[in-house]
> 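Sharing a structure with you now.
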2 protein chains.
Amino acid sequence: MSARNPDTKAEILRIGKQFIQFYGYNAFSYADIARELNVKNAAVHYHFRGKEDLLMALIDNYIENYQLLAKQLQHSKITAIGKLEKFIEPYSCLCESDSICIIGSIASDYNTLPESVKAKISALIDLVMGMVEQTLAEGKKHGELHFSETARTQALLIMTNLAAGVQLARISGKKDYTIIRKALIKQLKG
Amino acid sequence: MSARNPDTKAEILRIGKQFIQFYGYNAFSYADIARELNVKNAAVHYHFRGKEDLLMALIDNYIENYQLLAKQLQHSKITAIGKLEKFIEPYSCLCESDSICIIGSIASDYNTLPESVKAKISALIDLVMGMVEQTLAEGKKHGELHFSETARTQALLIMTNLAAGVQLARISGKKDYTIIRKALIKQLKG
DNA sequence: CAAAAAACTTACTTATTAGTAAGTAACTCT
DNA sequence: AGAGTTACTTACTAATAAGTAAGTTTTTTG
């Protein structure tokens, strides 16, 4: 009867990510994922023992993708602004689908998570913040970007604008996100 | 046996607020509140028919408090920076207790909420944003504050910095929140 | 002081959740 | 072709969740 599907594991990750970004980590169940994929909930447990294993795998994915991006940007000739766009674009996409970034979503449920997840999400943040900081520092050094704070502080300001920007957009409208995004870029260009 | 307590309703609101800020809206139950207050879960249902009624009451509280603050600030002689501190201080307090602001918390669970709650949280945001915007505009007019964006845009930037700042602090440490807060004030003072 | 209202508890029900043990079908490798 | 492995389903359990109806006690009020 049921066609065997070699992609179920990847599909579970895709749907899980979508649910976290759209509903929040504590607002969906394995049954929800199963329903979406037309499998039984035991199938989800087969691929990921529990919800936190799924979350761990998801964060691992993010870390891998950002590490890949880091390598791609390493020796590329694109401008600092161009690099920054690579960090901003995902937020713009999230905004379009009334979703929020996984870090912001997890931050809300942070105190319900096991230490293993907390450590991994912390590692993801360090990775992304480090990349943004470095991009800002380079851009400033080359006279392309302008800001008065340290690169680290400026990275904190920008990323919090984006993260809360998509959250706010959900409630008060996408226009607010756009205002924030444009203001950020304008200020950096000086 | 059980002492009748005239404050139970207020206590439920207090604990509910605390739980939303610490664990997230979809991560606690009426049973959790009941346990904390040493009553039965039916007692919680007696005061608030359901979880969304509790949330509605909580948001109403916030709206009342901000309206009160608006009146207090209206004709007071404190500086614009002093007024802004009134908006910043609650975030600093939240950060101290590893909690996040209720708007950020609700933003994560936004797509699981009924329209009634969505409308009310939107009204709260409009109220707060309006107050911050006005404070910024006045401060700029009097030469006390310095920023290049419109007051509305600057208000968006500041509030998103604060909201995501406390979220980030939970994961990567309170120091990051402090960096953000100090940078904001420094920039506004010009 | 009697009646009514307020603030609960007791004792349920129904639905959802996470999770598991055992079985089955299909594919893979030798 | 047969043995093992993968990817599931069936069929449960135990715990938690929201919610409610009916009864009890305490306080207020006419």
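Proteins get letters first, then strands, A, B, ... in listed order; numbering begins at 1 in each. Just so we're clear, the structure is a prediction, and the values are computed from it rather than from any experiment.
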> If you check the B/Ala42 side chain, which of D/dT6, D/dT10, C/dT10 turns out closest?
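Per side-chain heavy atoms of B/Ala42, the pick is C/dT10.
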
> Roughly, in whole Å, what's the span from OH in A/Tyr30 to C1' in C/dA18?
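The answer, rounded to whole Å, is 9 Å.
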
> Name the residue closer to the 5' end of DNA chain D, choosing between A/Asn38 and B/Ala27 according to the nucleotide with the nearest heavy atom.
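Looking at the nearest nucleotide for each, A/Asn38 comes out on the 5' side.
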
> Report yes if at least one side-chain N or O of B/Thr8 is closer than 4.0 Å to OP1 or OP2 of C/dA7; otherwise report no.
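So the side chain of B/Thr8 is outside the cut-off, no N or O lying under 4.0 Å from OP1 or OP2 of C/dA7.
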
> Mark yes or no: B/Lys40 above the aromatic ring of B/Tyr30, with NZ or CZ under 6.0 Å from the six-membered ring centre and no more than 45 degrees from the axis.
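Checked: cation-pi criterion not met.
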
> Honestly, is B/Lys9 close enough over B/Tyr46, meaning NZ or CZ under 6.0 Å from the six-membered ring centre and within 45° of the axis?
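Checked: cation-pi criterion not met.
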
> Report yes if some heavy atom in the side chain of B/Lys51 is under 4.5 Å from a heavy atom in the side chain of B/Phe28; otherwise report no.
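Sidechains of B/Phe28 and B/Lys51: in contact.
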
> Using whole Å, report how far CG of B/Asp53 lies from C1' of D/dG19.
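To the nearest whole Å, that distance equals 12 Å.
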
> Check for a donor-acceptor pair, side chain of B/Thr135 on one end and backbone N or O of B/Met131 on the other, with a separation under 3.5 Å.
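Indeed, once roles are kept as given, a pair shorter than 3.5 Å links the two residues.
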
> Is the phosphate of C/dC8 approached by B/Tyr46 (side-chain N or O, under 4.0 Å from OP1 or OP2)?
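Checking B/Tyr46 against C/dC8: no side-chain N or O falls below 4.0 Å of OP1 or OP2.
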
> Could you check how far CG of B/Asn41 sits from P of D/dA21, rounded to whole Å?
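B/Asn41 atom CG is separated from D/dA21 atom P by 15 Å.
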
> Nearest-Å distance, NZ (B/Lys40) to P (D/dA21)?
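Those two atoms, NZ and P, are 20 Å apart.
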
> For the side chain of A/Lys51, starting at C-beta, report the closest nucleotide among D/dA17, C/dA18, D/dT9.
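Selected nucleotide: C/dA18.
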
> Can you tell me how far P of C/dT17 sits from OH of A/Tyr25, to the nearest Å?
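Whole-Å distance recorded here is 14 Å.
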
> Base, sugar-phosphate alone, or nothing: which one does A/Lys9 contact when heavy atoms must sit under 4.0 Å apart?
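Here A/Lys9 touches no strand at all.
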
> When the distance from CD1 of A/Ile33 to C1' of C/dA18 is rounded to whole Å, what number comes out?
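Nearest whole value for this atom pair: 12 Å.
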
> Starting at atom NE2 of A/His45, determine the distance to atom P of D/dT9, rounded to an integer number of angstrom.
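Nearest whole value for this atom pair: 13 Å.
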
> Nearest whole angstrom, please: distance from the P of C/dA21 to the CZ of A/Arg49.
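Atom CZ in A/Arg49 sits about 9 Å away from atom P in C/dA21.
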
> For B/Gln67, does the CD atom sit with more than 12 other heavy atoms under 6.0 Å from it, leaving out its own atoms?
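Yes, enclosed.
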
> Looking only at the side chain of B/His47 (C-beta and beyond, no hydrogens), which of the listed nucleotides C/dT9, C/dC8, D/dG19 gets closest?
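Among the listed nucleotides, the one closest to the side chain of B/His47 is C/dC8.
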
